[in-house]
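The structure appears below as structure tokens.
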Amino acid sequence: MRAPDPRFAGFVVPELIRRNATVRALIRDPANAEKARRLGASEVVTGNLRNPQSLGNAVEGVDGVFHIGPAFAPDETAMGVAMVEAAGRAGVRKFVFSSVIQPTNTRLKNHTSKVPVEDALYSTNMEYTILHPANFMQNIAAAWPSIVRDGVFSEPFPKTAKLARVDYRDVAEVAAIALTEARLSYATLEPCADGMHSREEIVSMMSEELGRSISAGEPTFGEWAANTRLPYDDRQLQLLAKVHEHYAKYGLGGNSLTLRCALGREPRSLRSFIRELALQTAQVA
Ligand SMILES: NC(=O)c1ccc[n+]([C@@H]2O[C@H](COP(=O)([O-])OP(=O)(O)OC[C@H]3O[C@@H](n4cnc5c(N)ncnc54)[C@H](OP(=O)(O)O)[C@@H]3O)[C@@H](O)[C@H]2O)c1
């Protein structure tokens, strides 16, 4: 189990606990130990994906590993391969890799950076499950305070572009199923919620759920990046800009079939995600 990010890896922890698994969290900053324990990890190990030797302790004696790599890191590939190799050496039985939708989209370097990690898994004897999630709905949650404040939902691509999205809680549930049951072993799945929605459609859902008008903004990438103040350097921002250029031309295709099948229920919808955000806003007000 890797870094207990409350946004993503952190969602997997409660799903594992619900299935009676014991969770060991890998953190790189000891200050995060308490956060990991609060999420439900009963063991916490300090290590760093950039220091392969430190990963040996993290994986020693575990039955399964969940790995998600840091976004746009120049050495994301090396970090992922190091984790796969450490798990393989330690005799870990199961490995779940949270990759990205369309990893073979060679025009997007942050997508192809995952391919060698998947390739490394094929040359181990572990039972792997590879997840190719669509755009995370949690990106909308990050923008929510400014949406409520300004009445505008902005993304730097046309408001008519339709994107496949997924609630990461569903991805986390699939990861936990894969780690605790046999039925998803050796599967490569593409977690996507039902439907692909444009920002025009999304603001209409937001307006209905909030009971007031939200409009769709269409800033340039530079304007948007300055406003969102992402923790990225110029190189990382360039990679993200390429992703948005791609969305502008082609949107993002995705199909909910494999997620529905893996969960055995309907995936969480974008409408229900927005409803939850609106309810939280109403409760605070
Ligand atoms: N956002 C989307 O819509 C989307 C969609 C599909 C796929 N993805 C993929 O999802 C992945 C995660 O994205 P993200 O935005 O969550 O990434 P992130 O915030 O950059 O990193 C996630 C975690 O990695 C940890 N980390 C960073 N460097 C580390 C190191 N050297 N050793 C150990 N842990 C380290 C961080 O731990 P700390 O807490 O210590 O900082 C953090 O918890 C990316 O690979 C991205 O391509 C994202």
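We count ligands from 1, going down the list as the structure has it; atoms in each ligand are counted the same way. All values below were derived from every heavy atom in this structure, side-chain atoms included, with hydrogens, water molecules and symmetry-related copies excluded.
For atom 4 (C) of ligand 1, the choice among Tyr232, Phe8, Phe136, Tyr168 with the nearest heavy atom turns out to be Phe136. With distances taken over non-hydrogen atoms, the option nearest atom 32 (N) of ligand 1 out of Leu230, Ile27, Leu49 is Leu49. With distances taken over non-hydrogen atoms, the option nearest atom 12 (C) of ligand 1 out of Pro70, Ser99, Gly69, Gly80 is Gly69.
Considering backbone and side-chain N/O atoms, Ala71 comes within less than 3.5 Å of an N/O atom of ligand 1.
Distances from ligand 1 to the non-hydrogen atoms of Ser113 include no value under 4.0 Å. Look at Arg165 and you'll find every heavy atom at least 4.0 Å from all atoms of ligand 1. Heavy-atom separations between Asn110 and ligand 1 are all 4.0 Å or longer. In this structure, Lys114 counts as a contact residue of ligand 1, since one of its heavy atoms falls inside 4.0 Å of the ligand.
For CZ of Arg229, the number of neighbouring non-hydrogen atoms (other residues, nucleotides, ligands) closer than 6.0 Å is 12 at most.
Residue Asn135 approaches ligand 1 through these ligand atoms, each under 4.0 Å from one of its heavy atoms: 3 (O). Close approach of ligand 1 to Val100 is summarised as follows: ligand atoms under 4.0 Å from at least one heavy atom of the residue are 6 (C), 7 (C). Residue contact check: Ala134 has heavy atoms under 4.0 Å from atoms 5 (C), 6 (C) of ligand 1. Set against the non-hydrogen atoms of Asn48, the atoms of ligand 1 under 4.0 Å away are 30 (C), 31 (N), 32 (N). The atoms of ligand 1 that sit less than 4.0 Å from any heavy atom of Pro133 are 6 (C).
Hydrophobic clustering (side-chain heavy atoms under 4.5 Å, transitive across Ile, Leu, Val, Met, Phe, Trp, Tyr) keeps Met196 apart from Ile101.
Contacts with ligand 1 closer than 4.0 Å are made by no heavy atom of Ala73, backbone or side chain. Only side-chain heavy atoms of Glu76 come within less than 4.0 Å of ligand 1; its backbone N, CA, C and O stay farther off. Residue contacts with ligand 1, taken as heavy atom pairs separated by less than 4.0 Å, involve Asn139 solely via side-chain atoms from C-beta onward.
In this structure, Asp150 contributes its side chain and Val152 its backbone to no donor-acceptor pair below 3.5 Å.
Ion pairing between a basic and an acidic side chain is recognised when a charged N comes within 4.0 Å of a carboxylate O; Glu276 and Arg169 show such pairing. We find that Lys249 and Glu245 are not joined by a salt bridge, their nearest charged nitrogen and carboxylate oxygen being 4.0 Å or further apart. Ion pair Glu173/Arg265 flagged as a salt bridge, since at least one NZ, NE, NH1 or NH2 atom sits closer than 4.0 Å to an Asp/Glu carboxylate oxygen. Ion pair Glu155/Arg165 flagged as a salt bridge, since at least one NZ, NE, NH1 or NH2 atom sits closer than 4.0 Å to an Asp/Glu carboxylate oxygen. The residues Glu34 and Arg37 are annotated as not salt-bridged, no charged nitrogen and carboxylate oxygen being separated by less than 4.0 angstrom.
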Using a 3.5 Å cut-off and no angle test, enumerate the donor-acceptor pairs between side-chain atoms of residues 54-63 and protein atoms at least two apart in sequence or in another chain.
from	atom 1	to	atom 2	distance (Å)
Ser54	OG	Asn48	N	2.9
Ser54	OG	Asn48	O	3.1
Ser54	OG	Asn51	O	2.7
Asp63	OD1	Arg93	NE	3.0
Asp63	OD2	Arg93	NH2	3.0

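Here Val284 sits alone; no ILVMFWY side chain lies under 4.5 Å from its own, so it joins no hydrophobic cluster.
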